[in-house]
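Below you'll find the structure, written out as structure tokens, and then a few comments.
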Amino acid sequence: MPLLGRRRLTSFNRRMGRRLIRAAGWLIGVGLLVGCGESAVRSSSLDPQGPAASQISNLWWLMLALGGVTFLVVMVLLLYGLFRKRENPDSTNLAAMETSKHSQRLVVGGGIIFPAVILTVVFGFTLYTLAGLTGMREDGSLVVEVVGHRWWWQVNYPEQGFTTANEIHIPVGEPVQFRLETADVIHSFWVPALHGKLDLVPGQTNTLWLEADEPGEYQGLCAEFCGIQHAKMLFVVVAESREEFEAWSAAQQESAVIPTDELTEQGFVVFMDEGCNDCHTVRGTPADGKLGPDLTHFASRLTLGAGVYPNNRDFLASWIMNPHDLKEGNLMPATSLSDQELEALLAYMESLQ
Ligand code: CUA
């Protein structure tokens, strides 16, 4: 290579090197920020917050450790094989036989015994983890029924007799039984910080036991591709003290508040006239549609659009006027309300505490 070209290449390498170092520094900085920031909603399976998630995470660490050790051993052997001194072609038959015996031992040890030991350990620990996950059953526990829809979660509390959506409250430190069903395609219920995934399969009820060690909000999501808005099929699990849970449950069992002022009353009229009632239920009113989420206590929920947007006036207004801007392909049709009608409907929705 001509000298000039080589020099150019070296300066190019140096520039690239500096860029790479800068990029790495930036990534580490962002990583530290993200790592240090106390996230409000816990969502990592590596930060387990319940007995089931802890057991799954232990299994994961064991597999990572064994996988890491195996990888290192294989890499060392590979390097050894690449760089060891070649046999002298003039060597005696005796030496060649010695080498072949040595190779056979290596194949039996490294190809059969070593993998068998590793796999047996992983298999044993997996069985132990599975036994632990199914051992959480407890009589008289809270039962929550979850029905997957494209793309939101219907949440029934059969013993308490009410339905809500996209937000699940549970008492902290108690195993809760989840019965999972679907109204359409296969979805998968996953709260990474609390448990592994379990599919919602048409025509079948799958059961999962879940417990949270600490009060807090835990991110849940759909983990099985189910259509265009699969990624926006989220929910939140709120773990709270027994007293707080009882208070929440009692409030959810109530019928919707009856409008008391003129604007809210007008909002209810818009709700009925626009046909919102065909798809949504508001308990205590004639609105009893079953296609969309139950809205009886809509304003008490943290999010809208199935865990995707904060439940505030701006997002609610956008959602009502054109839900497809926020979540393309969902079943709710756009509306064409006047400003005054929208104002009234927003007031009504915000009254549904
Ligand atoms: Cu439901 Cu993906």
Side-chain angles (χ1 to χ4, degrees), residues 39 41-50 52-53 56-57 60 133 143-158 162-170 176-210 212 217-239 279-281 289-295 298 301-311 315-316 318-319 322-334:
S39 161
V41 183
R42 286 166 156 165
S43 59
S44 170
S45 49
L46 296 181
D47 174 29
Q49 299 294 324
I56 292 170
S57 139
W60 187 88
L133 294 182
V143 173
V144 181
E145 279 174 12
V146 175
V147 185
H149 294 258
R150 279 186 293 176
W151 293 277
W152 60 281
W153 306 85
Q154 180 187 335
V155 182
N156 304 328
Y157 286 75
F162 68 87
T163 292
T164 179
N166 307 320
E167 188 169 313
I168 302 167
H169 287 235
I170 57 169
V176 178
Q177 188 188 14
F178 280 78
R179 294 184 189 153
L180 310 175
E181 289 168 22
T182 172
D184 37 57
V185 299
I186 300 177
H187 303 273
S188 187
F189 180 89
W190 191 25
V191 191
L194 298 182
H195 207 303
K197 306 160 190 174
L198 189 64
D199 279 6
L200 289 68
V201 179
Q204 171 172 336
T205 304
N206 286 342
T207 306
L208 180 99
W209 288 83
L210 197 146
E217 288 166 22
Y218 301 95
Q219 182 72 67
L221 57 145
C222 179
E224 177 71 49
F225 182 70
C226 55
I228 186 171
Q229 291 300 350
H230 156 70
K232 286 187 181 165
M233 186 167 169
L234 310 176
F235 61 97
V236 62
V237 173
V238 180
C279 297
H280 295 286
T281 292
K290 296 276 184 268
L291 267 182
D294 184 300
L295 298 177
F298 166 78
R301 300 208 278 259
L302 297 164
T303 64
L304 60 83
V308 182
Y309 299 104
N311 188 0
F315 279 112
L316 181 58
S318 311
W319 185 268
N322 192 0
H324 298 254
D325 276 353
L326 295 176
K327 198 165 171 178
E328 191 191 342
N330 86 83
L331 288 178
M332 179 157 150

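All values below come from the heavy atoms of this structure, side chains included, with hydrogens, waters and symmetry mates left out. Start at 1 and go down the list; that is how both ligands and their atoms are numbered.
Looking only at N/O/S atoms, Glu224 comes nearest to atom 2 (Cu) of ligand 1 through O. Looking only at its N/O/S atoms, His230 has ND1 as the one nearest to atom 2 (Cu) of ligand 1.
Considering only heavy atoms from C-beta on, Trp319 comes within 4.5 Å of Asn330 through its side chain. Under the 4.5 Å side-chain criterion, counting only non-hydrogen atoms from C-beta, Lys232 is not in contact with Glu328.
When distances to atom 2 (Cu) of ligand 1 are checked against a cut-off of 2.8 Å, His187 contributes no N, O or S atom below that limit.
Contact detail for Asp199 and Asn206: the closest heavy-atom pair is O-ND2, 2.8 Å.
A ring pair (Phe, Tyr, Trp, His ring centres under 6.0 Å) with Phe235 is found for exactly one of Phe178, Trp190, Trp153, Trp152, namely Trp153.
Centred on atom 1 (Cu) of ligand 1, the SG atom of Cys226 and the SD atom of Met233 lie at an angle of 110°, reported to 10°.
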